[in-house]
Amino acid sequence: MIITLKDNVQKEFAEGVSVYEVAKSISEGLAKSAICGKLNGELVDLTTTIDKDSALEILTFNDDEGKLVYRHTAAHILAQAVKNIFPTCKLTIGPAIGNGFYYDFDFKTPITADELEVIEAEMKKIIKANFKLERFVLSREEAIKLMKQYDETYKLELIEGLPEDSIISFYKQGDYVDMCRGPHLYSTGMVKAFKLTSLTGAYWRGSENNKMLSRIYGTAFDKKSDLNEYLEKVEEAKKRDHNKIGRELGFFMTDENIGQGLPLLMPKGAKTVQLLQRFVEDEEERRGYMLTKTPLMAKSDLYKISGHWDHYKDGMFIIGDETKDEEVFALRPMTCPFQYTIYNNGIKSYRDLPCRYGETSTLFRNEASGEMHGLIRVRQFTISEGHIVCAPNQLEEEFKGCIDLIYFMLDAIGLREDVTFRFSKWDKNDKAKYIDDEEAWAKAESTMKVILDHLGLKYTEAIGEAAFYGPKLDVQTKNVYGKEDTIITVQVDMFLAENFDMTYIDENGEKQRPYIIHRTSMGCYERTLALLIEKYAGAMPLFIAPVQVKIISLTERQIDLTKQIKQELMSKGIRCELDNRNETVGYKIRSAQLDKVPYMVILGDKEAEMNVVSVRNRKDGSLGTMSLNDLIAKIEEEVKNRIK
RNA sequence: GCUGAUAUGGCUCAGUUGGUAGAGCGAAUCAUUCGUAAUGAUUAGGUCGACAGUUCGAUUCUGUCUAUCAGCUCCA
């Protein structure tokens, strides 16, 4: 029997050889670090035996899939520990995730975070006991019987969702049995380092209509030092949390009298957003976008045409009571219907297409109370919104143009390396959320897929993440907690042109239905600002720094000079502030440094006499003296290059 | 909306097993006029998130609400 190993190495083995034995034949070291096998593309246990010619890869903790299996076993150890301490709790599911694992339990009486330590201690005992994870399979009927015996009602519910003829696998470690696809580590003692990180709530099967369970999160590594390094990294990342330093540095604030999800941008935050907004508006104009400025609210009639009234009403702030025969308005949650109304003003010819509308648009969405988060999730936000109305044969070119613009923007603010793409599709079973027209969705999604593939974009697919009117290409980023959010989106809309009866006259004088792209250049400014604060830990790149230069006087004698220098810098469009406080120069430098101001100009008798300025950079410290013109040239050059 | 936690001067946090509170930073004032990450002194600042209830008395106990945080769900 021939087994094809890594790098196409082929080796002869006797039938019935186990994955572990193959690993051992390669090297003792590999056998020691082996976690599981990948046999003909399927993940398998080390104890799995092979009885025919196969391709086999031995996975270790260095492989992503190896990490998942390792952490999945850690999740089972967690569940065993919890069962030991709380025998009445019921098991649900416990997968490995990005940086660790979790397990959801239904406790008779909810536990508190303090009890995680007790559970950790129990897990250590289980690891020390080094139980083997023994796999066995049962028919569906036998599986039901076993789970009834253990009174695991959630597992029973899972089994009920499986086909009649399913063969269901279980893993047993000590006296703990869990229904699980596997694979797993050979024994519990192979888990070298773990930590339970948090206790939260989570809905059974991810639906808010179901019971809320207790979720315990943890992580595991094959080395204690790597675990500590990871935990430190997480702590470091939290120090960049925009919600903390954005407030400390005076970018934004909130107030309980104003309300949830309604942040106030303070002078620094407002300045950076203004700079981003001007940058986007100017670039869009260069790329043929026409500026619109449309109302922040409209009568319900508009949203009834667009479909928002049927599919997005819960997300809107509505003014007036329909049942009382009043005129009902709603604050706009999106700009589309307004720009479509502009398009429909007058007959459009194919010569008018593509018609690119852009607007710096303030939107209102009535998010549920628990969903707000700093500047990332808010109830009022301002977005570089736009819609491109085009002929079908222009769609691909226009879509490409959107992607090109997005790359341009991401490069400018330095986030290009931090994003991933997600192709967001509809969920045909969710009739309430989506316009119900299977044929149109299929067409929209396949059209979009062709374009994405032509562009050669790498993307993941997500069912049920589309907008109610069409599929989306979402540009995803992660915040300091590792939570993913959409920063930018491009959407193909095959419905609203119909709803608004939008048309153009083609070359043959016939009325045609245009395609529409919904898109944003930089996403909403609040969220983008949040991500920038986290990316740069509050030290904004020079071209969007709210204050670029802090001018520091050494003694009272320089006060007039500082004012004069400020005037000259401001006349060149350089944003600067004075620090003429009666403090030592060291104190004022420290203060500017903590404020993350990119450049400091220090003026004393010496500089006044020699007609130069002393310059300091927040990153490199003192740069010595130079003429004011040289400093201006240096700053202008850096601003021109943006983050490069 | 759901689960859990939190709310004390502008900020970060002590504290009171029920008798209305303190520190550091910051601010103001005064002195100092200083050479690249903290000069010194003085002063002012709090109905302890809001509203009810229990109590002779509530910042402390109970309830409701509001806001904030983590997660779920939802989403730009």
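Every chain is numbered from 1, with letters handed out A, B, ... down the list of sequences. Owing to the predicted nature of the structure, the values given are computational and were not obtained by experimental measurement.
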- Message: Between A:K239 and A:E236, is the salt bridge (charged side-chain N to carboxylate O under 4.0 Å, His left out) condition met? List the steps.
- Response: CA-CA 5 Å; A:K239 287 184 192 157; A:E236 279 303 306; 2.9 Å; yes
- Message: For the P atoms, the ones on B:rG18 and on B:rG26, what distance do you get once it is rounded to whole angstrom?
- Response: 36 Å
- At under 4.0 Å between heavy atoms, what does A:S614 touch on the DNA or RNA strands: base, sugar-phosphate, or nothing? base
- Message: Given a 3.5 Å cut-off on both pairing distances, which stems involving RNA chain B, each at least three consecutive Watson-Crick or G-U pairs, are present, if any?
- Response: B:1-7 with B:66-72, B:10-13 with B:22-25, B:27-31 with B:39-43, B:49-53 with B:61-65
- Between atom NZ in A:K588 and atom P in B:rU33, what is the gap in whole Å? 14 Å
- Message: Please verify the inter-ring angle class for A:Y459 with A:F423; under 30° counts as parallel, over 60° as perpendicular, anything in between as tilted.
- Response: perpendicular
- Task: Please report, rounded to the nearest Å, how far the P atom of B:rG35 is from the CD atom of A:E607.
- Result: 12 Å
- Task: Please list, chain by chain and in numerical order, all residues satisfying side-chain hydrogen bond (donor to acceptor under 3.5 Å, both in side chains) with A:H518, sequence neighbours excluded.
- Result: A:Y340, A:H387, A:Y469, A:D493
- Given the C1' atoms of B:rA5 and B:rG9, what is the spacing between them in whole Å? 24 Å
- Item | Comparing A:L213 and A:E583 on RNA chain B - which has the more 5′ nearest nucleotide | A:L213
- Item | Under-4.0 Å salt bridge between A:E281 and A:R278 | no
- Message: Please report whether the ring centroid of A:F101 lies less than 6.0 Å from that of A:Y103.
- Response: no
- Whole-Å distance between B:rG4 P and A:D104 CG? 15 Å
- Message: Can you measure A:D314 atom CG to B:rG1 atom P for me and round it to whole angstrom units?
- Response: 13 Å
- Would you mind reading off the distance between A:D595 atom CG and B:rC11 atom P, rounded to a whole angstrom? 17 Å
- Message: Rounding to an integer number of angstrom, what distance separates B:rU12 and B:rA27 when you compare their P atoms?
- Response: 16 Å
- Base orientation of B:rG26, chi within 90° of 0 counted as syn, else anti, reads anti
- Query: Taking atom C1' in both B:rU33 and B:rU20, what distance in whole Å separates the two?
  - Reply: 45 Å
- Query: Hey, is the main chain of A:G604 close enough, under 3.5 Å, to the side chain of A:E607 for a donor-acceptor pair?
  - Reply: yes
- Task: Determine the interatomic distance between P on B:rU62 and the same-named atom on B:rG10; round to the nearest Å.
- Result: 27 Å
- Do the side chain of A:K596 and the main chain of A:A537 share a donor and acceptor less than 3.5 angstrom apart? yes
- Item | Value in whole Å for how far the P atom of B:rU36 lies from CG of A:D620 | 18 Å
- Evaluate the criterion salt bridge (charged side-chain N to carboxylate O under 4.0 Å, His left out) for residue pair A:K195 and A:E120; output intermediate values, then yes/no. CA-CA 7 Å; A:K195 170 113 184 100; A:E120 279 186 354; 3.7 Å; yes
- With sugar-phosphate meaning primed atoms plus P, OP1 and OP2, does A:L594 contact a base, only sugar-phosphate, or nothing at under 4.0 Å between heavy atoms? base
- Task: Sugar-phosphate atoms are those with a prime plus P, OP1 and OP2; base atoms are the rest. Using that split, label each nucleotide of nucleotides 61-76 of chain B B, S or - for protein heavy atoms under 4.0 Å, 5' to 3'.
- Result: -----BSSSSBBBBBB
- With a non-hydrogen cut-off below 4.0 angstrom, is A:K606 in contact with a base, only sugar-phosphate, or nothing? base
- Query: Does A:T555 place a side-chain N or O at less than 4.0 Å from the phosphate oxygens OP1/OP2 of B:rC34?
  - Reply: no
- Item | C1' atoms of B:rA41 and B:rU60, separation to the nearest Å | 37 Å
- Base, sugar-phosphate, or nothing: which does A:R581 touch, judged by heavy atoms less than 4.0 Å apart? sugar-phosphate
- Message: Checking A:K550 against A:E577 for the salt bridge (charged side-chain N to carboxylate O under 4.0 Å, His left out) test, could you report, in this order, the C-alpha distance in whole Å, the side-chain angles of both residues, the deciding distance, and whether it holds?
- Response: CA-CA 5 Å; A:K550 187 73 109 176; A:E577 278 182 358; 2.9 Å; yes
- Hey, mind stepping through A:R519 and A:E284 against salt bridge (charged side-chain N to carboxylate O under 4.0 Å, His left out) and telling me if it holds? CA-CA 12 Å; A:R519 43 104 277 158; A:E284 285 180 348; 2.9 Å; yes
- Round to the nearest Å and state the distance from A:D579 atom CG to B:rG26 atom C1'. 14 Å
- Say whether, by atom type as modelled, one donor and one acceptor occur between the side chain of A:E445 and the main chain of A:P471 under 3.5 angstrom. no
- Could you measure between the two C1' atoms, the one in B:rA21 and the one in B:rG15, and give it in whole Å? 7 Å
- Query: C1' atom, B:rU29 versus B:rG45: distance in rounded Å?
  - Reply: 15 Å
- Can you tell me the distance, in whole Å, between the CZ atom of A:R557 and the P atom of B:rG35? 11 Å
